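Fair warning: this is a prediction, and the values are worked out from it, not measured in the lab.
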Amino acid sequence: MRLNRYLALCGLGSRRAVETLILAKKVTVNGAVAGLGTGVEEKDRVEVDGKIIRPREEHAYFIFHKPPGCLCSRGDTHGRTTVYHLLPPEMQDLHTVGRLDQNSCGLLFLTSDGDLTQSLTHPSREVLREYLVEFADRLSPDEMSALTQGVQVEVGVIFKCTFVRAEGSGYRLGLREGKKREIRRMLAAFGRRVVDLKRIAFGGVELGALPEGAFRPLSQNELAALRAAPLLK
């Protein structure tokens with residue numbers, strides 16, 4: 001088995017994501033620093049940052065309501081709070097499916113299934129994410145149209161929404177990719193400063209009434225929806 005697949009099965013992220021650990025020389029196999037082409041057999045001892053890792057016998061799948069003010073990373077050099085400070089010991093080996101920035105809140109998947117993570121986050125899959133966004137002013141019809149046609153956030157970089165509609169005191173936006181600070185950068189191009197950004201759905205699964213900081217296992221129906229999500233357009 002290739003090392004990147006082994007690390008993904010251990011819950012460290014998608015196969016593409018775990019390659020950063022390998023390239024950073026944080027992974028050893030039987031005491032030797034591993035490379036991208038390293039293979040792993042059942043008898044091998046695999047360590048990441050000096051800690052022995054093994055695949056879970058069964059994958060775990062959770063939905064978590066990320067509060068604002070915490071990071072999606074496992075650790076932070078500045079000592080800031082991460083989602084892992086809010087999770088019990090038995091969930092520390094799970095990875096997040098994509099990210100939400102520090103000041104955003106809402107739906108975040110946690111799993112040990114790197115293959116599912118890859119299918120949900122790869123740009124070519126265009127899996128739908130939905131957000132509720134609030135800011136001080138209202139959008140004009142032209143601005144709402146521009147968001148779905150494409151907004152240049154810097155030279156040569158254009159972002160766009162799948163849909164935009166008014167909802168309550170804010171707007172509901174759909175995205176097909178999860179680029180860094182995508183919504184905030186689009187609205188900043190119109191001079192709007194986001195005061196609240198919440199992801200409410202991902203791949204057909206809704207956050208619902210789950211309180212901030214709480215988590216629950218995904219149901220079988222929700223898991224089936226996520227596995228089918230890359231087929232949705």
Side-chain angles (χ1 to χ4, degrees), residues 4 7-8 10-24 26 48 59-87 91-133 153-154 157 159-162 173-188 194-207 210 212-216 218 222 226 229-230:
N4 63 350
L7 296 178
C10 291
L12 297 181
S14 68
R15 278 186 250 182
R16 287 203 317 165
V18 299
E19 288 178 357
T20 61
L21 296 173
I22 302 171
L23 292 172
K26 294 184 176 183
V48 176
H59 283 308
Y61 306 90
F62 287 88
I63 182 172
F64 175 65
H65 188 160
K66 176 194 173 298
C70 63
L71 302 171
C72 289
S73 57
R74 288 189 176 275
D76 180 62
T77 55
H78 300 290
R80 292 172 292 184
T81 299
T82 76
V83 295
Y84 292 95
H85 288 109
L86 309 178
L87 299 173
M91 293 177 64
Q92 293 296 312
D93 64 332
L94 304 181
H95 64 263
T96 63
V97 179
R99 296 180 176 231
L100 288 170
D101 67 51
Q102 183 177 7
N103 295 320
S104 299
C105 65
L107 187 158
L108 189 67
F109 295 127
L110 295 156
T111 184
S112 57
D113 189 342
D115 288 339
L116 179 65
T117 299
Q118 179 80 353
S119 72
L120 292 174
T121 58
H122 196 282
S124 67
R125 302 291 187 172
E126 297 187 344
V127 181
L128 182 64
R129 297 104 157 132
E130 298 182 46
Y131 302 81
L132 285 180
V133 186
V153 297
E154 60 182 81
V157 179
F159 294 157
K160 67 178 180 179
C161 297
T162 303
L173 280 64
L175 298 178
R176 290 289 185 182
E177 292 187 51
K179 296 189 176 86
K180 186 175 181 179
R181 299 178 63 82
E182 188 169 1
I183 291 174
R184 295 180 189 276
R185 293 171 71 188
M186 281 191 286
L187 292 171
V194 172
V195 296
D196 189 61
L197 195 160
K198 180 179 183 179
R199 183 157 64 196
I200 57 174
F202 189 161
V205 175
E206 300 277 346
L207 178 65
L210 188 67
E212 280 189 8
F215 58 87
R216 64 169 176 80
L218 286 169
E222 288 171 329
L226 289 180

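- With His122 contributing its side chain and Ser119 its backbone, the two residues share no donor-acceptor pair below 3.5 Å.
- Residues satisfying the ring pair (Phe, Tyr, Trp, His ring centres under 6.0 Å) criterion with Phe202, sequence neighbours excluded, are Phe109.
- For His65, the side chain to side chain donor-acceptor pair (under 3.5 Å) criterion is met by no residue, not counting sequence neighbours.
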Steps toward side chain to side chain contact (heavy atoms under 4.5 Å, CB included) verdict (Met91, Leu110)
CA-CA 8 Å; Met91 293 177 64; Leu110 295 156; 3.9 Å; yes

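- Remark: Asp115 pairs with Arg5, Arg15 by the side chain to side chain donor-acceptor pair (under 3.5 Å) rule, at least two apart or across chains.
- Between the OH atom of Tyr131 and the CZ atom of Arg199 there is a distance of 4.5 Å, given to the nearest 0.5 Å.
- Contacts classified as salt bridge (Lys or Arg N to Asp or Glu O under 4.0 Å) and involving residues 61-70 (residues at least two apart or in different chains) are not found.
- In this structure, the side chain of Arg129 engages the main chain of Val127 through a donor-acceptor pair within 3.5 Å.
- Annotation for Tyr84 and His95: closest pair OH-CA, 3.4 Å, computed over non-hydrogen atoms.
- Contact detail for Ser112 and Leu94: the closest heavy-atom pair is N-CD2, 3.7 Å.
- To the nearest 0.5 Å, atom CG of residue Leu175 and atom CD of residue Glu177 are 9.0 Å apart.
- Of all non-hydrogen atoms in Leu108 and Thr96, the two that sit nearest each other are CD2-CG2, 3.8 Å.
- Remark: Arg184 pairs with Asp101 by the salt bridge (charged side-chain N to carboxylate O under 4.0 Å, His left out) rule, at least two apart or across chains.
- With sequence neighbours excluded, the residues satisfying side chain to side chain contact (heavy atoms under 4.5 Å, CB included) with Glu222 are Val205, Arg216, Leu218, Ser219.
- Partners of Pro67 according to the side chain to side chain contact (heavy atoms under 4.5 Å, CB included) rule, which considers only residues two or more places apart in sequence or in another chain, are Phe64, Cys70, Leu86, Glu212.
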Pair Leu7-Val48, side chain to side chain contact (heavy atoms under 4.5 Å, CB included): steps then yes or no
CA-CA 9 Å; Leu7 296 178; Val48 176; 4.0 Å; yes

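- Remark: Ala214 pairs with Leu210, Pro211 by the side chain to side chain contact (heavy atoms under 4.5 Å, CB included) rule, at least two apart or across chains.
- The CG atom of Asp196 lies 8.5 Å from the OG atom of Ser104; values are rounded to the nearest 0.5 Å.
- Side chains of Lys179 and Arg185 form no contact here, defined as non-hydrogen atoms less than 4.5 Å apart.
- For the side chain to side chain donor-acceptor pair (under 3.5 Å) test, residues two or more places apart in sequence or in another chain that qualify with Tyr61 are Asp113, Arg227.
- Distance CG/Leu173 to CD/Glu182: 10.0 Å, rounded to 0.5 Å.
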Do Cys10 and Asp93 pass the side chain to side chain contact (heavy atoms under 4.5 Å, CB included) test, and can you show the C-alpha distance, the side-chain angles, and the key distance before you say yes or no?
CA-CA 8 Å; Cys10 291; Asp93 64 332; over 6 Å; no

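- The distance from the NZ atom of Lys198 to the CD atom of Glu130 is 13.5 Å, given to the nearest 0.5 Å.
- Residues meeting the side chain to side chain contact (heavy atoms under 4.5 Å, CB included) test with Lys160, sequence neighbours left out: none.
- For Lys26, there are no salt bridge (charged side-chain N to carboxylate O under 4.0 Å, His left out) partners two or more places apart in sequence or in a different chain.
- The CG atom of Leu226 lies 9.5 Å from the OG1 atom of Thr111; values are rounded to the nearest 0.5 Å.
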For Ile200 and Leu107, what are the C-alpha separation, side-chain angles and deciding distance, and is it a side chain to side chain contact (heavy atoms under 4.5 Å, CB included)?
CA-CA 6 Å; Ile200 57 174; Leu107 187 158; over 6 Å; no

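- Contact annotation: the side chain of Leu71 never approaches that of Val83 to less than 4.5 Å [non-hydrogen atoms, C-beta and beyond].
- Qualifying salt bridge (charged side-chain N to carboxylate O under 4.0 Å, His left out) partners for Glu19, counting only residues two or more places apart in sequence or in other chains: none.
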